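In what follows, a single structure is set out as structure tokens and then discussed.
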Amino acid sequence: MIVSINGNVFGYDDAGSGLPVVFLHGFPHDRSLWAQQRTALAPRVRCIAPDLRGFGVSVAKGPYSMDQYADDVVALLDNLDIGPAVFCGLSMGGYIAMALWRRHPERVRGFVFCDTKAGADSEAARANRELLIGVAHGEGAGAVADRMLLGMIGKATRSRQPSLEADVRAMMARQPVAGIVGALGALRDRPDSHETLKSITVPTLVLVGEDDVLTPPSDAQSMLDALPEAAAARMDIIAGAGHVSCLERPAAVTHALAEYLLTLAGHPY
Ligand code: MLT
């Protein structure tokens, strides 16, 4: 589906009914990232998945920032007349979920932080964002995809399911350069979110692929450590998965999500 909001165009999927669960993709991905979980969970909950500003079929000019992505998501939910929702974000999607808590905590029923981290970019990471901005402008999205591919997929998946590499590369290579460049600036400038995590009071699940080298289990553990008791947080490590765990071990990630969603019944909003 396509909707025009504040002069920008957003693509999204919306299936199922009941508790709204919003799936936020990472960088440089689109809403297809979470397709398997959405299909599996739509008989039980309402699954909403936007293409974030500048990705997939969403066409949006700047500015690009985690705050802007968060505001875009809330504007889409307003448009759909959806109140508090669970936000399930992978990597950059998790950074956006943390911005959502800073800006719109009343809209949050729960969080799933998947293969993400709370820390800001290091100096080296910021320099690498600049390098990738140059690559995107000079060589296009395919060259960005080539540079990022190795870190995306875990070592066990690469040997167990070699064809996934081409699928993930294709998803990354089809993203618009403007969206990639905008997101790289937003990633570079995002704040540290450890203090944000400390203030979370809704049920929170932290998921991470065992073989994730971009946001490894140690980052997930540091998120878990920062979350207060009020978040009733727990962490699941997805065996044999890397950074895009929801594509690498889809059934295992769906299972973890389904279990978490069941526990929400014991935490009335
Ligand atoms: C992502 O998957 O969203 C990116 O790896 C996030 C990042 O580069 O920090």
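As the structure lists them, so they are numbered: ligands from 1, and atoms in each ligand from 1. Only a predicted model underlies this, so the values are computations on that prediction, with no experimental measurement involved.
Ranking the protein heavy atoms by distance from atom 3 (O) of ligand 1 puts F27 N, 2.7 Å first. At the top of the distance list for atom 2 (O) of ligand 1, counting protein heavy atoms only, stands H243 NE2, 2.8 Å.
Atoms of ligand 1 found under 4.0 Å from any heavy atom of L214, numbered from 1 in the order shown, are 5 (O). Contact atoms of ligand 1 toward G26: 3 (O) (distance under 4.0 Å to a heavy atom of the residue). Per-residue contacts place M92 under 4.0 angstrom from the following atoms of ligand 1 (heavy atoms of the residue considered): 1 (C), 3 (O).
Between H25 and ligand 1 there is no heavy-atom distance shorter than 4.0 Å. At least one heavy atom of R129 sits less than 4.0 Å from an atom of ligand 1.
By the neighbour-count criterion of 12 heavy atoms within 6.0 Å, atom CD1 of I5 is densely surrounded, having more than that number from other residues, nucleotides or ligands.
Checking each of V45, V86, L41 against L257 for a side-chain contact (heavy atoms from CB on, under 4.5 Å) leaves exactly one that passes, namely L41.
R174 and D30 are joined by a salt bridge, as a carboxylate oxygen and a charged side-chain nitrogen come within less than 4.0 angstrom of each other.
Between the side chains of R102 and S193, at least one donor-acceptor pair of N or O atoms lies under 3.5 Å. In this model, no donor atom of one side chain and acceptor atom of the other lie less than 3.5 Å apart for D225 and S222. Side-chain atoms of D67 and S65 include no donor-acceptor pair closer than 3.5 Å.
Between S91 and ligand 1, an N or O atom pair is found at a separation short of 3.5 Å. Taking distance alone, with nitrogen or oxygen atoms compared against 3.5 Å, L90 stays at or beyond that limit from ligand 1. An N or O contact shorter than 3.5 Å is missing between M152 and ligand 1 by distance. Remark: ligand 1 and R190 share no N or O pair separated by less than 3.5 Å (distance only, no angle test). Distances between N or O atoms of K117 and those of ligand 1 include no value under 3.5 Å.
A distance below 6.0 Å separates the ring centres of H25 and F55. F10 and Y12 have their aromatic ring centers separated by at least 6.0 angstrom.
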